[in-house]
2 protein chains.
Amino acid sequence: MEGPDETDLQLLRLLGADSNLTIKELAGRVNLSPSPVFERVKRLEANGYIKKYIALINAEKLNYGLIVFCNIRLKQHDKSIGHQFVTDILHLAEVVECYNISGDYDFLLKVYAKDMKHYQDFVFNKLGSVKSIGSTHSTFVMCENKNSYNINI
Amino acid sequence: MEGPDETDLQLLRLLGADSNLTIKELAGRVNLSPSPVFERVKRLEANGYIKKYIALINAEKLNYGLIVFCNIRLKQHDKSIGHQFVTDILHLAEVVECYNISGDYDFLLKVYAKDMKHYQDFVFNKLGSVKSIGSTHSTFVMCENKNSYNINI
DNA sequence: CTTGAAAAATGGAGGGT
DNA sequence: ACCCTCCATTTTTCAAG
């Protein structure tokens with residue numbers, strides 16, 4: 001497929017902010033009739049420009065009001081240890097994101113917890129039982145100023 | 001509203017992973033008929049448990065293959081400086097997330113860039129013109145192992 | 001890209017447990 | 001309070017031009 005044109009980018013912007021817009025509404029925004037917009041959206045989906053559609057759940061409403069970025073250093077750095085760490089970590093419900101990073105630490109986790117007590121339990125009992133972890137460093141979020149979830153194209 | 005029951009949580013889980021599921025499909029998953037499911041979903045939306053519905057855009061496909069966590073320390077820490085910083089930063093297209101954090105730095109940004117050259121330009125020309133910034137420290141993502149976007153309830 | 005029509009989903013009325 | 005079965009309306013989806 002050739003790259004998306006300006007109309008495609010506009011559709012991605014619109015759907016990236018609100019995927020409940022109907023084909024008809026999208027058509028109005030980009031000054032086209034519904035059919036070509038329908039075809040464009042389907043093509044963007046088929047070609048992987050749109051990964052999926054999700055609902056954003058309000059974690060605070062479910063009493064998950066604490067966000068923590070947890071830096072992790074492994075004991076050793078061979079491939080199998082790293083791979084084992086990732087599989088261990090992905091099963092933990094509190095871990096929303098996991099990145100392999102440059103710098104002093106090896107991984108960065110974004111963790112959602114109910115409160116400090118819950119986070120303490122997470123570090124001691126859940127991370128504590130992952131053998132490959134050497135040390136951790138937690139950075140607590142005091143305020144989420146922005147989260148747009150998508151790049152602003 | 002009273003807290004969501006187990007059926008509501010199941011609906012949140014399902015929609016948090018795929019919001020294209022129809023009411024009928026959801027009904028099948030939770031063993032109910034479409035009508036009560038429709039009402040439950042509308043209530044979860046009205047009461048803020050579902051914030052919004054979005055399409056997840058594939059940033060790599062749009063040549064935004066570099067993710068960087070950028071730690072920022074302000075020059076001073078009074079309220080107006082912090083507020084000005086946030087408004088300045090939210091206008092930058094590359095900044096997807098912004099958190100006010102504990103620890104050595106004041107803010108953590110998640111930044112999407114096309115490549116290292118683009119990121120360098122972002123730091124020098126865009127962050128460089130935000131007067132309230134004292135110093136920065138960049139952590140580069142080598143691999144995104146997980147991003148579920150929602151808490152696993 | 002447009003028109004137009006079939007298929008499917010939404011959203012709501014009315015009744016039952 | 002919660003659920004069900006129908007049905008009108010809207011939206012999606014896919015032809016053919």
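Labels below follow one simple rule: chain letters A, B, ... track the order of the sequence lines, proteins then strands, and each chain is numbered from 1.
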query: Of Asp5(B) and Asn20(A), whose nearest nucleotide on DNA chain D comes first from the 5' end?
result: Asp5(B)

- request: State, with a plain yes or no, whether a side-chain heavy atom of Val95(B) is found less than 4.5 Å away from one of Phe122(B).
  value: yes

field: From CA spacing to verdict: salt bridge (charged side-chain N to carboxylate O under 4.0 Å, His left out), Asp5(B), Arg40(B)
entry: CA-CA 10 Å; Asp5(B) 62 14; Arg40(B) 280 168 181 271; 3.0 Å; yes

message: Are Phe107(A) and Tyr99(A) an aromatic pair, judged by ring center distance below 6.0 Å?
response: no

field: Contact residues, residues 22-42 of chain B to DNA chain D [heavy atom, < 4.0 Å]
entry: Leu32(B), Ser33(B), Ser35(B), Pro36(B), Arg40(B)

query: Taking C-beta and beyond as the side chain, do Ser135(A) and Arg73(A) meet within less than 4.5 Å on heavy atoms?
result: yes

task: For Phe140(B), check ring-ring contact (aromatic ring centres under 6.0 Å, His included) against everything at least two apart and list the hits.
output: Tyr119(B)

- request: Decide whether Glu45(A) and Tyr53(A) meet the rule of one side-chain donor and one side-chain acceptor closer than 3.5 Å.
  value: yes

field: Salt bridge flag under 4.0 Å for residues Asp8(A) and Arg13(A)
entry: no

Contact interval (first through last nucleotide) of DNA chain C with protein chain A, 4.0 Å heavy-atom: dC1(C) to dG4(C)

message: Walk me through whether Asp78(B) and Ser80(B) qualify under side-chain hydrogen bond (donor to acceptor under 3.5 Å, both in side chains).
response: CA-CA 6 Å; Asp78(B) 59 86; Ser80(B) 72; 2.9 Å; yes

